[in-house]
Protein chains: 2
Amino acid sequence: MSEHQTEQDGARTQLTEYLARNGMKQTRQREAILESFLGVSGHITSENLYEYVRAQYPDIGAATVYRALKLFCDAGLAHALHFQDGVTLYEHEGHHHDHLICVGCGEIVEFECDDIEDFQLRIARDHGYRLTKHRHHLYGYCAKCQSSGTDRK
Amino acid sequence: MSEHQTEQDGARTQLTEYLARNGMKQTRQREAILESFLGVSGHITSENLYEYVRAQYPDIGAATVYRALKLFCDAGLAHALHFQDGVTLYEHEGHHHDHLICVGCGEIVEFECDDIEDFQLRIARDHGYRLTKHRHHLYGYCAKCQSSGTDRK
DNA sequence: TTGATATTGATAATCGTTCTCAACTAGCGT
DNA sequence: ACGCTAGTTGAGAACGATTATCAATATCAA
């Protein structure tokens with residue numbers, strides 16, 4: 001819990017600094033939305049976060065949540081992920097993993113693979129690119145969906 | 001040219017078979033849209049393809065193009081790619097590569113890396129998944145955008 | 001405290017895409 | 001060739017997610 005607390009504090013500080021650095025203001029809304037966002041463990045859509053926020057702060061508008069989420073991305077606190085079906089999910093930054101997605105039940109497993117990251121760098125270098133980020137999504141059927149035998153393609 | 005011809009013919013046959021197999025009909029529109037789609041070399045958006053189609057067949061509606069593109073995906077002739085910024089591009093199936101995207105100028109370079117594919121399979125297996133496809137996008141600055149020094153992040 | 005300026009919330013607007021539905025047409029059986 | 005039936009089409013309405021507009025409001029440095 002205390003560890004979690006420091007992570008949240010770190011994020012808050014990071015936002016405060018970003019706002020100061022860019023002549024922006026620290027508002028109740030931004031604090032509240034950040035709070036809600038940090039309370040989410042995995043991935044969340046803009047809309048879900050809005051519901052989430054609204055549960056505690058009913059007077060915060062949807063536009064403000066969208067704006068805040070974009071702000072968090074700019075400030076390096078969040079990441080937007082665009083999945084196969086066009087759905088956009090946000091996750092905490094620093095929480096970077098790649099994703100294994102079940103097309104049967106929608107489960108999302110996160111993974112890391114340093115070897116792959118090495119190959120990515122090599123490929124980028126070969127093409128003269130300087131990488132800033134990547135998206136690596138594997139789609140398939142999880143063990144459960146394979147055995148339940150439904151939606152076989 | 002003759003090689004290209006056979007590739008197109010292969011795609012046509014594939015569509016015809018898919019339609020027959022699913023009790024669907026071979027229409028002028030679908031043929032025309034497939035023709036236009038095959039005429040595109042790289043990636044294209046639904047809207048661009050619609051413009052493209054309309055140039056030759058002004059009486060084909062947008063909805064029909066959207067429907068056809070989805071059909072081509074189902075028939076295994078096309079692939080939808082969802083990029084970072086939410087843009088959806090379509091490419092020919094059988095033309096599967098991964099992508100290196102310049103966030104400066106938007107250039108898209110395609111690459112293949114068997115080693116990475118091997119790691120993907122291993123990761124999937126470790127998690128009990130059976131892979132059906134993957135999306136692997138690397139974002140960065142191409143050599144040109146790095147040297148022109150603009151939009152440095 | 002005040003004032004300049006960033007931010008907010010409600011809502012209109014926008015974008016890309018899908019739905020609705022009456023008119024149309026492919027393609028089977030005859 | 002004909003007619004029938006079910007799939008398909010085009011126009012435009014509807015849609016869902018997101019962004020822009022704008023007057024009211026809040027932040028924060030002086």
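A, B, ... follow the sequence lines: proteins, then strands. Residue 1 opens every chain.
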May I have the distance from [X] (atom [atom1]) to [N] (atom [atom2]), rounded to whole angstrom?
| X | N | atom1 | atom2 | result |
| --- | --- | --- | --- | --- |
| B:Asp59 | D:dA11 | CG | P | 8 Å |
| B:Met24 | C:dG27 | CE | P | 12 Å |
| A:Asp74 | C:dT7 | CG | P | 12 Å |
| A:Arg28 | C:dT7 | CZ | C1' | 11 Å |
| A:Glu31 | C:dA6 | CD | C1' | 15 Å |
| A:Tyr18 | C:dA6 | OH | C1' | 14 Å |
| B:Asn22 | C:dG27 | CG | C1' | 16 Å |
| A:Leu15 | C:dT7 | CG | P | 11 Å |

Checklist entry - Would you say the side-chain atoms of A:His99 and A:His43 include a donor-acceptor pair closer than 3.5 Å? => result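 Distance-only check passes for A:His99 and A:His43.
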
Checklist entry - Can you tell me if B:Tyr129 and A:Glu107 form a side-chain donor-acceptor pair at under 3.5 Å? => result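 Indeed, the side chains of B:Tyr129 and A:Glu107 share at least one donor-acceptor pair under 3.5 Å.
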
Checklist entry - When you measure from the side chain of B:Arg67, which nucleotide among C:dT11, D:dA11, C:dT17 comes out closest? => result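 Nucleotide nearest to B:Arg67's side chain: D:dA11.
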
Please tell me if [X] has a side-chain N or O lying less than 4.0 Å from either OP1 or OP2 of [N].
| X | N | value |
| --- | --- | --- |
| A:Arg30 | C:dT7 | yes |
| B:Thr64 | D:dT8 | no |
| A:Tyr66 | D:dT18 | yes |
| A:Gln29 | D:dT27 | no |
| A:Ser46 | D:dA17 | no |
| B:Lys70 | C:dT18 | yes |
| B:Thr27 | C:dT25 | no |

Next on the checklist: Nearest heavy atom decides the nucleotide; on that basis, is B:Gly23 or B:Val65 closer to the 5' end of DNA chain D?
Outcome noted: B:Gly23

Checklist entry - Hey, which of these two, B:Tyr50 or B:Gln26, hits DNA chain D nearer its 5' end, going by closest nucleotide? => result B:Gln26

Next on the checklist: Suppose we call a contact any N or O donor and acceptor under 3.5 Å apart; does that hold for the side chain of A:Lys25 and the base of D:dA26?
Outcome noted: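 Side chain to base: no pair below 3.5 Å.
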
Checklist entry - What are the two closest non-hydrogen atoms of B:Gln120 and B:His136, and how far apart are they? => result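 So the minimum-distance heavy-atom pair works out to NE2-ND1, 4.2 Å.
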
Checklist entry - What's the shortest heavy-atom distance between B:Tyr50 and B:Ile60, and which atoms? => result CE1-O, 3.4 Å

Checklist entry - Would the B:Phe111 and A:His127 ring centres measure less than 6.0 Å apart? => result no

